[in-house]
2 protein chains.
Amino acid sequence: MSKGEETRKQVLEAAVEVAASSGLASLTIGSLAERTGMSKSGLFAHFKSKETLQVQVLEFAGEAFIQDVVRPAVSAPRGEKRVLTLFESWLATARDGTAECLFVSAAWEYDDQPGAVRDRLVRMHLDFRDSVAQMFRTGIAEGFFAADADPEQFAHDLHGIMLIYFQAHRLLGDARAEERARRAFSRLIESNR
Amino acid sequence: MSKGEETRKQVLEAAVEVAASSGLASLTIGSLAERTGMSKSGLFAHFKSKETLQVQVLEFAGEAFIQDVVRPAVSAPRGEKRVLTLFESWLATARDGTAECLFVSAAWEYDDQPGAVRDRLVRMHLDFRDSVAQMFRTGIAEGFFAADADPEQFAHDLHGIMLIYFQAHRLLGDARAEERARRAFSRLIESNR
DNA sequence: GCGCACGCCGAACGATCGTGCTATTTTCGT
DNA sequence: ACGAAAATAGCACGATCGTTCGGCGTGCGC
């Protein structure tokens with residue numbers, strides 16, 4: 001890996017942390033430069049614009065999210081076990097990770113602001129939703145879930161469970177958030193069996 | 001109503017709109033002044049600081065949210081009808097309104113940023129959650145829902161349904177979002193009956 | 001090991017940020 | 001109607017924003 005590529009990744013790593021707690025829009029070149037010990041212009045040279053930086057941060061976090069959430073699931077046995085693994089790894093990532101935090105906050109920061117960042121964000125959400133639906137669909141084919149269950153609806157509902165868990169956990173500091181998430185998930189699985 | 005109070009409300013009205021689409025943190029005195037036809041300093045004088053402005057925006061939107069969502073519910077018959085009315089008015093507000101949009105985005109903007117804004121936001125969320133739980137609890141007492149159903153869990157789950165509806169509707173532009181929300185709600189009610 | 005591209009820096013730019021001051025105008029109780 | 005009080009404007013401040021440019025040093029292909 002060339003020198004430039006290496007520092008670029010270091011910058012993105014720091015940027016994901018900052019963006020996860022302060023929001024993607026409030027990423028500033030200056031604070032990011034200070035945090036990484038670089039000069040503003042030196043850092044800026046790696047990304048031609050702030051928007052490019054934001055998109056790259058999104059992609060960087062996206063890869064981490066796939067590693068942490070999707071990969072454990074797809075390497076689990078097809079069917080119910082896979083969906084359960086998805087839920088558990090997603091929950092763990094939402095509890096401790098930074099990537100999920102970034103996506104969730106960015107989703108509402110950019111839901112009304114057209115541009116490259118929003119476009120990228122929408123595509124990632126749609127891709128992930130399709131992945132979840134596909135895992136569930138496989139579960140139907142294997143006979144774990146009801147034949148007339150709706151995979152898109154399942155992906156939708158599961159995402160809702162994660163969103164409210166995330167809010168209860170991060171904003172409200174609700175100690176019972178995880179318990180509630182598990183209960184909601186159990187009922188979702190049950191009603192699709 | 002005194003002159004000052006009147007312009008203050010006009011400013012807050014504009015501020016809610018801006019904050020709903022750009023986020024509460026990116027509210028700027030300058031753009032707000034231009035939007036309302038005032039001078040920066042003239043506008044600023046109404047709020048001693050930007051943080052005060054943000055808190056007041058939050059409270060202003062909170063009153064609107066209560067008017068649009070909670071009030072229709074509490075004026076509906078106790079029990080299942082009330083919970084259903086809550087869902088419908090909440091859904092309508094989430095679809096078209098600005099207040100809900102503000103709360104949702106603010107929830108993630110400030111989930112990691114201590115201060116008066118976050119404190120106020122947390123309190124509003126807790127208050128609302130309690131209101132929802134109480135409506136459900138009344139429904140239990142009236143025999144509409146299962147005696148062993150969990151009101152807090154219901155409020156939690158319902159909020160999750162709204163969050164994912166909001167994301168599907170605003171970010172993804174999913175035309176079937178509302179249909180999915182209704183289906184999820186029906187199943188939530190069913191499993192608590 | 002030479003040469004050049006690339007990484008990085010310092011300085012500067014116009015703009016805008018939040019927030020003070022000081023006037024000036026407008027409102028409002030008496 | 002007058003005077004106090006409130007509302008608003010004008011101006012300026014230091015800071016920080018994203019971005020550009022010219023130069024310096026160093027890593028990397030030949």
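Below, chain A is the first sequence line, B the second, and so on; all start at residue 1.
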How many whole angstroms separate atom [atom1] of [X] from atom [atom2] of [N]?
X       : N      : atom1 : atom2 : answer
A:Glu34 : D:dG18 : CD    : P     : 13 Å
B:Phe47 : C:dG20 : CZ    : P     : 15 Å
B:Phe44 : C:dT22 : CZ    : P     : 16 Å
A:Ile29 : C:dC9  : CD1   : C1'   : 15 Å
B:Glu6  : C:dC28 : CD    : P     : 9 Å

Contact nearer the 5' end of DNA chain D, comparing A:Lys48 with A:Gly30: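 Of the two residues, A:Gly30 wins.
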Is a salt bridge present between [X] and [Y], judged by a nitrogen-to-oxygen distance below 4.0 Å?
X        : Y        : value
A:Glu152 : A:Arg137 : yes
B:Lys9   : B:Glu6   : no
A:Arg8   : A:Glu5   : yes
A:Arg187 : A:Asp157 : no

Candidate pair B:Phe128 and B:Phe103, rule ring pair (Phe, Tyr, Trp, His ring centres under 6.0 Å), full reasoning: CA-CA 12 Å; B:Phe128 179 66; B:Phe103 288 123; 8.8 Å; no
Sugar-phosphate, base or nothing in reach of B:Leu27, heavy atoms under 4.0 Å: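 Here B:Leu27 touches the backbone only, sparing every base.
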Side-chain donor/acceptor of A:Lys50 to backbone N/O of A:Ala25, under 3.5 Å: yes
Identify each atom pair where a protein N or O and an N or O of nucleotides 6-10 of chain D are less than 3.5 Å apart, giving names and distance.
| from | atom 1 | to | atom 2 | distance (Å) |
| --- | --- | --- | --- | --- |
| D:dT8 | OP1 | B:Lys3 | NZ | 3.3 |
| D:dT8 | OP2 | B:Thr7 | OG1 | 3.2 |
| D:dT8 | OP2 | B:His46 | NE2 | 2.4 |
| D:dA9 | OP2 | B:Ser39 | N | 2.7 |
| D:dA9 | OP2 | B:Ser39 | OG | 2.9 |
| D:dA9 | N7 | B:Ser41 | OG | 3.3 |
| D:dG10 | N7 | B:Ser41 | OG | 3.0 |
| D:dG10 | O6 | B:Ser41 | OG | 2.8 |

